[in-house]
A.B. asks: 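My questions all concern the structure below.
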Amino acid sequence: MKLLNWLIEILIILGITIKSVEAEKHTKRQKETNVTTQVSVNEDKQFVSHMLEQKKSGEVINARENLLERKKQHKLKIQGIENRDLPKRNTNHLKEQVKKNFTDERDELFKMGIKILQKSKSQKQKAEAYMVFAKAADMGNLKAMEKMADALLFGNFGLQNITAAIQLYEFLAKEGSYKAQNALGFLSSYGIGMEYDQAKALIYYTFGSAGGSMMSQMILGYRYLSGINVLQDCETALNHYKKVADYIADKLEKNEGIPVEKVRLTERLENLSSNNEILDWDIYQYYKFLAERGDVQIQKALYYFLKAAKAGSANAMAFIGKMYLEGNAAAPQNNATAFKYFSMAANKGNAIGLHGLGLLHFYGKGVPVNYAEALKYFQKAAEKGWPNAQFQLGFMYYSGSGVWKDYKLAFKYFYLASQSGQPLAIYYLAEMYATGTGVSRSCTTAVELYKGVCELGHWADKFLTAYFAYKDGDIDSSLVQYALLAEMGYEVAQSNSAFILESKRANVLQKEKIYPMALLLWNRAAVQGNAFARVKIGDYHYYGYGTKKDYQTAASHYSIAADKYHNAQAMFNLAYMYEHGLGIAKDIHLARRLYNMAAQTSPDAHVPVFLALMKLETMHLLRDILFFNFTTIWKWMTLESTLGPYWDLFMIGLIIAMLIFLLKNHHR
């Protein structure tokens, strides 16, 4: 609570600081205007005086003499003024020095906060980093203000205050912050804390991307790819996605990273509080810091690798070689040691060791550059299915490093590596499709591949923070993070955001906007191939959630999910609609067939399908035998008018009762 109160106080101070800064700028602009006006008035006066003197032709000589005398007196006055202004100039110099020191101090505070954040593993340590950011923000550091605004928006440390975040973002946007432009675009696109305005969101994103926001670039790429509030344009989407993919590829190391697991909430409900949960925040942080080579835990990793290597583990030998090749606090960069351990692993036929030796020869680390040797080792590792070696082979043939350029072979190896998710292989495949190098040019394929690379950006970490926020019951924080990722085009985030909205546990949107926004998100997820989302769209149109009831549209979505994705739920729903003629022509035979297909597709559908078929067959029998040719009696005994709108539930209950009775008699 102390931390929360302290940060709230800082935010109040920040608000005052922002207002004072704006007031100071206004005053400064006013002074500049006054000075300019005064100069202009003086110039006009001098011009008029000069014209009058010209008219007095008889007094020209006297005027010149008087002018010379005035100049002498003016010089004497200036010397006196300069002597009197000397202390004033010294004071101004001191003020400038103090201002510089103040600026340096707030910049240093921000850098200190970044260092603490990078090294922190616990929430307590992260909170300390944000305390430092708050101090730097209070002193006027714009980057620290961005950090605080993000904390308020996403609810870091339970400090979610969207109104305060918007105020900070609006101030930062005026100062030219592209991150603030992106955030305001996101909030406008959902109507979170702001008016729902897609046109304004598009403007914010455009300014954000122009300023250098990779998130804005990615959002615009997705919008032009999908035609969201803009005309669908593959080439424009390609341009935006390529910029982000170039940025990601430049940051990627040429080895496997740690993928962020994108938990699908619709599939993990029963596991959210399980002790055997695969995702564990501490384990994730441990590996993350190993990858960043900035944590003392890497020394423990080296110790265990050495121990395993002595026991004969080829993988341990290879990873030790990798650690020495890359260099870190526990294992300083040493090509000779890397070569030693890679060789030990390679002698045991280890693919990682073979790949490591290939890298040493390719880049000339500890050994002379030898493309032939590199090619040999990469081929051996690639044959064992190591994706990084497959990528290196593709790169050699693509760039012509030590071999003749061969785009067909390059494509082959890039494709093989991409199947294992090797990010740089995906990037180079996108490059080939975008330029038509070695393959027929395809804008659509290039964009899809670039999109896959873009989704490996550091922003994907929000999948973890959003998931753990959801798990801890911080629903609003979870929703805002998933919603931002959804805006960037992540299908899993779109379905997760819709799922949270549908649960009605979030408070960041008005109640009347929940179902329409959820429907929009289910639509976007469905377009990207999510079968569950497609069924959900059918449900929304069937029941009239967020839209008008429309059985025909519901049936069309169920049909897509059934035909394209073989979804059992869609088959069952469609069968029910055929059985009752809802939105489509009544067809008992097709209904029976779809029920059976649902049971064959999913074991979970066996019981509901059995009950549905029993009801269908019973009703069919009753209609064919008992009510054949008795039109008048049939009208009088119409089930819906007699038993009410829930007659089918009544019939299912009756069938179950009959089955229980028959089973009891059978046992007797």
Side-chain angles (χ1 to χ4, degrees), residues 186 189-190 205 214-230 232 234 237-238 240-241 244-245 248 259-269 279 418-419 421 423 426-427 430 444-467 469-470 478-503 506 516-540 546 557-558 560-567 569-570:
F186 158 63
S189 71
Y190 281 89
Y205 289 142
M214 290 295 111
M215 282 189 175
S216 290
Q217 290 280 9
M218 194 166 163
I219 290 168
L220 287 173
Y222 176 63
R223 288 195 165 216
Y224 279 102
L225 173 65
S226 306
I228 299 171
N229 297 108
V230 291
Q232 197 168 13
C234 184
L238 178 70
H240 286 294
Y241 271 125
V244 185
I248 300 296
V260 175
E261 186 178 354
K262 300 174 181 67
V263 180
R264 202 178 286 279
L265 297 180
T266 54
E267 296 174 2
R268 282 288 183 89
L269 279 176
L279 268 174
S418 72
Q419 296 305 293
I426 298 170
Y427 172 77
T444 306
T445 306
V447 167
E448 290 296 335
L449 290 167
Y450 277 137
K451 183 174 183 287
V453 176
C454 294
E455 291 184 353
L456 297 170
H458 61 84
W459 37 76
D461 286 352
K462 286 195 183 299
F463 271 103
L464 288 167
T465 53
Y467 171 73
Y470 184 86
S478 178
L479 174 61
V480 172
Q481 292 180 79
Y482 276 133
L484 176 59
L485 292 166
E487 187 76 353
M488 295 172 74
Y490 288 90
E491 178 273 309
V492 175
Q494 289 165 350
S495 57
N496 284 357
S497 300
F499 175 80
I500 292 173
L501 284 170
E502 195 179 83
S503 70
M517 184 57 68
L519 177 59
L520 182 145
L521 288 162
W522 285 128
N523 263 305
R524 291 182 184 177
V527 169
Q528 296 199 70
N530 186 325
F532 182 82
R534 184 66 69 181
V535 174
K536 276 290 181 183
I537 299 169
D539 292 345
Y540 273 51
H557 285 289
Y558 291 145
I560 293 169
D563 298 340
K564 191 173 181 180
Y565 303 109
H566 307 290
N567 184 278
Q569 182 67 58

A.B. asks: Looking at every non-hydrogen atom in both residues, tell me the closest pair between Ile537 and Ala526 and how far apart they are.
C.D. replies: CD1-CB, 3.5 Å

A.B. asks: To the nearest 0.5 angstrom, please state how far the CD1 atom of Ile219 sits from the SG atom of Cys454.
C.D. replies: 12.0 Å

A.B. asks: With Lys536, which residues qualify under side chain to side chain donor-acceptor pair (under 3.5 Å), at least two apart?
C.D. replies: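 So Lys536 forms a side chain to side chain donor-acceptor pair (under 3.5 Å) with Glu502.
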
A.B. asks: Please evaluate residues Met215 and Tyr205 with respect to the criterion side chain to side chain contact (heavy atoms under 4.5 Å, CB included), reporting the C-alpha separation (whole Å), side-chain torsions for both, the decisive distance (0.1 Å), and the verdict.
C.D. replies: CA-CA 9 Å; Met215 282 189 175; Tyr205 289 142; over 6 Å; no

A.B. asks: What is the minimum heavy-atom distance between Ala498 and Ala518, and which atoms define it?
C.D. replies: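 Minimum heavy-atom contact is CB-O, 3.7 Å.
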
A.B. asks: Not counting sequence neighbours, which residues clear side chain to side chain contact (heavy atoms under 4.5 Å, CB included) with Leu225? List them please.
C.D. replies: Ala237, Tyr241, Val447, Glu448, Lys451

A.B. asks: Please name all residues satisfying side chain to side chain donor-acceptor pair (under 3.5 Å) with Gln494, sequence neighbours left out, ordered by chain then number.
C.D. replies: Tyr222, Gln528

A.B. asks: Which residues satisfy the side chain to side chain donor-acceptor pair (under 3.5 Å) test with Thr445, sequence neighbours excluded?
C.D. replies: Ser442

A.B. asks: Looking only at heavy atoms, which two atoms of Lys462 and Leu484 are closest? And how far apart?
C.D. replies: CE-CD2, 4.1 Å

A.B. asks: Within this structure, what is the CG-OH distance for the pair Asn523 and Tyr540, rounded to the nearest 0.5 Å?
C.D. replies: 10.5 Å

A.B. asks: Taking the side chain as every heavy atom from C-beta outward, state whether Pro423 and Val453 have any atom pair closer than 4.5 Å.
C.D. replies: no

A.B. asks: Using the test side chain to side chain contact (heavy atoms under 4.5 Å, CB included), find all partners of Ala469 that sit at least two apart in sequence or belong to another chain.
C.D. replies: Asp474, Ser477, Ser478, Gln481

A.B. asks: Grab the two heavy atoms, one from Ser497 and one from Leu479, that are nearest each other, plus how far apart they are.
C.D. replies: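 Of all heavy-atom pairs spanning Ser497 and Leu479, the closest is O-CD1, 3.8 Å.
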
A.B. asks: Could you tell me which residues satisfy ring-ring contact (aromatic ring centres under 6.0 Å, His included) with Phe186, sequence neighbours excluded, listed by chain and number?
C.D. replies: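 ring-ring contact (aromatic ring centres under 6.0 Å, His included) check on Phe186 returns Tyr190.
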
A.B. asks: Hey, what do you get for CE (Met214) to NE2 (His240), rounding to the nearest 0.5 Å?
C.D. replies: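 So the CE of Met214 and the NE2 of His240 are separated by 11.0 Å.
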
A.B. asks: Could you give me the CA-CA distance, side-chain angles and deciding distance for Gln232 and Tyr224, then say whether side chain to side chain contact (heavy atoms under 4.5 Å, CB included) is met?
C.D. replies: CA-CA 5 Å; Gln232 197 168 13; Tyr224 279 102; over 6 Å; no

A.B. asks: Check whether Tyr470 reaches the backbone of Leu265 with its side chain - one donor and one acceptor, N or O, closer than 3.5 Å.
C.D. replies: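 Between the backbone of Leu265 and the side chain of Tyr470 there is no qualifying donor-acceptor contact (under 3.5 Å).
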
A.B. asks: Stepwise, does the side chain to side chain contact (heavy atoms under 4.5 Å, CB included) test hold for Phe499 with Phe532?
C.D. replies: CA-CA 11 Å; Phe499 175 80; Phe532 182 82; 5.6 Å; no

A.B. asks: Of all residues at least two apart in sequence or in a different chain, which pass the salt bridge (Lys or Arg N to Asp or Glu O under 4.0 Å) check with Glu487?
C.D. replies: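 Arg223, Arg524.
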
A.B. asks: Any chance you could measure Tyr427, atom OH, to Leu449, atom CG, to the nearest 0.5 Å?
C.D. replies: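 So the gap between those two atoms works out to 12.5 Å.
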
A.B. asks: In Å, rounded to the nearest 0.5 Å, how long is the span from CG of Leu521 to CG of Leu501?
C.D. replies: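 These two atoms lie 6.5 Å from each other.
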
A.B. asks: Which pair of non-hydrogen atoms, one from Leu238 and one from Ala446, has the smallest distance, and what is that distance?
C.D. replies: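 That closest heavy-atom pairing would be CD1-CB, 3.8 Å.
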
A.B. asks: Tell me, please, which residues at least two apart from Tyr490 pass ring-ring contact (aromatic ring centres under 6.0 Å, His included).
C.D. replies: Phe463

A.B. asks: Once side chain to side chain donor-acceptor pair (under 3.5 Å) is applied, do any residues pair with Glu491, and if so which ones, sequence neighbours excluded?
C.D. replies: Arg264, Asn530

A.B. asks: Does Ala561 have any side chain to side chain contact (heavy atoms under 4.5 Å, CB included) partners at least two apart in sequence or in another chain, and if so, which?
C.D. replies: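 Scan of Ala561 (side chain to side chain contact (heavy atoms under 4.5 Å, CB included), adjacent residues dropped) gives Arg534, Val535, Asn567, Ala570.
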
A.B. asks: Find the distance between CD1 (Ile248) and CD1 (Ile426) and round it off to the nearest 0.5 Å.
C.D. replies: 12.5 Å

